[in-house]
Amino acid sequence: MEQTLAIIKPDAVRRQLVGVIISEIEMNQFAISAIRTLRLSLGQAAQFYKQHREKPFYDSLVAYISSGQIFVLVLEKENAVQEWRGLMGPTDPAKAGLLTLRRRFAIDIQLNSVHGADSPSTASREIDFFFGERK
Ligand code: UDP
Ligand code: MG
């Protein structure tokens, strides 16, 4: 079974959307094989998003993702990476389908409530980043 890495981001945690998002995860037949909550330091956030370091939004993205508590989950399902990206919707909530999490909950293109790995190899790297030996 494929695994992916999901994050419920600070804007969603702050607005008490953890329960409804986890409920959507379960209703869409993902198995949750690991979960933890933490707040990233600025340094950890910079490392996690390092592939975006040349982008104009990088500094503000790093500040945002480390601005509060996050919930990090390992999700399991057939085709989990693509399935979770589909449930989230595209980065910009204005372009997202009506039933997607980002359309329903995101505030804007940055405060977009959820993260998902973009490929199986990224998923593996991100699962290691958050869970190391514990996954
Ligand atoms: N982001 C942003 N401005 C943009 C594009 C992205 O602030 O124009 C933020 C947003 O929080 C996004 C994250 O940077 O989720 C990572 O960007 P990516 O392109 O990887 O989007 P994702 O894979 O999260 O859909
Ligand atoms: Mg991405």
Side-chain angles (χ1 to χ4, degrees):
M1 200 62 83
E2 189 169 274
Q3 292 189 329
T4 193
L5 190 283
I7 302 177
I8 306 174
K9 293 178 171 182
D11 67 282
V13 176
R14 228 172 256 131
R15 287 176 294 142
Q16 299 185 275
L17 295 169
V18 173
V20 68
I21 290 171
I22 289 178
S23 170
E24 285 295 323
I25 287 169
E26 292 193 315
M27 294 211 297
N28 284 274
Q29 280 81 52
F30 292 91
I32 300 170
S33 57
I35 185 167
R36 65 179 292 211
T37 182
L38 76 156
R39 180 173 175 168
L40 290 171
S41 68
L42 277 173
Q44 289 170 323
Q47 177 70 12
F48 180 71
Y49 276 127
K50 66 182 181 208
Q51 77 275 19
H52 292 302
R53 63 187 172 272
E54 309 299 337
K55 308 263 174 70
F57 58 81
Y58 179 66
D59 287 350
S60 112
L61 172 61
V62 166
Y64 152 62
I65 201 69
S66 61
S67 69
Q69 191 186 15
I70 57 173
F71 283 71
V72 187
L73 302 92
V74 178
L75 304 182
E76 254 178 50
K77 186 177 182 173
E78 211 134 307
N79 211 11
V81 169
Q82 199 180 314
E83 289 283 310
W84 173 239
R85 299 279 314 180
L87 181 56
M88 286 199 304
T91 313
D92 182 355
K95 297 181 178 141
L98 284 178
L99 299 179
T100 64
L101 296 174
R102 281 170 163 170
R103 179 64 171 264
R104 292 171 63 195
F105 302 126
I107 293 170
D108 58 34
I109 193 170
Q110 179 156 97
L111 280 62
N112 59 5
S113 302
V114 282
H115 165 85
D118 61 13
S119 71
S121 66
T122 308
S124 163
R125 178 181 78 76
E126 293 182 352
I127 290 168
D128 258 14
F129 181 91
F130 284 106
F131 294 95
E133 298 304 293
R134 298 194 287 136
K135 74 171 180 286

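For the single chain, residues carry numbers from 1 onward in sequence order. Only heavy atoms go into these numbers, but all of them, side chains included; no hydrogens, no water, no symmetry mates.
Within the model, atoms CG of N79 and CZ of R85 stand 13.0 Å from one another, a figure rounded to the nearest 0.5 Å. Interatomic distance, E83 CD to I25 CD1, rounded to the nearest 0.5 Å: 13.0 Å. How far CG of L42 is from CD of Q44: 10.0 Å, rounded to the nearest 0.5 Å.
Distance alone, capped at 3.5 Å, places no donor-acceptor pair between the R36 side chain and the F131 backbone. Within the 3.5 Å criterion, the main-chain N or O of F30 finds no donor-acceptor partner in the side chain of N28. Put simply, the side chain of E2 never gets that close to the backbone of P120: no donor and acceptor are under 3.5 Å apart. Of the possible polar contacts, one joining the R39 side chain to the S66 backbone as a donor-acceptor pair under 3.5 Å is found. T100 contributes no side-chain N or O that, together with a main-chain N or O of L87, makes up a donor-acceptor pair within less than 3.5 Å. Within the 3.5 Å criterion, the main-chain N or O of S124 finds no donor-acceptor partner in the side chain of E126.
The environment of K55 atom NZ is dense: over 12 non-hydrogen atoms of other residues, nucleotides or ligands sit within 6.0 angstrom.
Counting heavy atoms from C-beta outward, L75 and I32 have side chains that approach closer than 4.5 Å.
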List the atom pairs, with distances to 0.1 Å, where a side-chain N or O of residues 101-113 and a protein N or O form a donor-acceptor pair under 3.5 Å, not counting sequence neighbours.
residue: R102; atom: NE; partner: V114; partner atom: O; Å: 3.4
residue: R102; atom: NH1; partner: G89; partner atom: O; Å: 3.1
residue: R102; atom: NH2; partner: V114; partner atom: O; Å: 2.8
residue: R103; atom: NH1; partner: A96; partner atom: O; Å: 2.6
residue: R104; atom: NH1; partner: E24; partner atom: OE2; Å: 3.1
residue: D108; atom: OD1; partner: Q110; partner atom: N; Å: 2.9
residue: D108; atom: OD1; partner: L111; partner atom: N; Å: 2.7
residue: Q110; atom: OE1; partner: S60; partner atom: OG; Å: 2.7
residue: Q110; atom: NE2; partner: S60; partner atom: OG; Å: 2.9
residue: N112; atom: OD1; partner: K9; partner atom: NZ; Å: 2.7
residue: N112; atom: ND2; partner: T91; partner atom: O; Å: 3.2
residue: N112; atom: ND2; partner: I109; partner atom: O; Å: 3.3
residue: S113; atom: OG; partner: D11; partner atom: OD2; Å: 2.8
residue: S113; atom: OG; partner: R15; partner atom: NH2; Å: 3.4
residue: S113; atom: OG; partner: F105; partner atom: O; Å: 3.3

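Legend: residues meeting ring pair (Phe, Tyr, Trp, His ring centres under 6.0 Å) with F129, ordered by chain and number and at least two apart, are F48.
Taking the six-membered ring where tryptophan is involved, the planes of H115 and Y49 are perpendicular, since the angle between them exceeds 60° and thus also 30°.
Exactly one of I70, L73, I35, T37 qualifies for a side-chain contact (heavy atoms from CB on, under 4.5 Å) with I8. That residue is L73.
A pairwise comparison of heavy atoms in A117 and T4 identifies CB-OG1, 3.7 Å as the closest pair. Taking both residues in full, the closest heavy atoms of S33 and Q3 are given as OG-NE2, 3.7 Å, listed atom of the first, atom of the second, then distance. Across every non-hydrogen atom of R53 and K50, the tightest pair is NH1-O, 2.8 Å.
Clustering ILVMFWY residues whenever any of their side-chain heavy atoms sit less than 4.5 angstrom apart, transitively, puts V20 in a cluster other than the one holding L99.
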Run the side-chain contact (heavy atoms from CB on, under 4.5 Å) test on D118 and V81 for me, step by step, so that the C-alpha distance in whole Å, both residues' side-chain angles and the decisive distance to 0.1 Å come before the verdict. CA-CA 7 Å; D118 61 13; V81 169; 6.0 Å; no

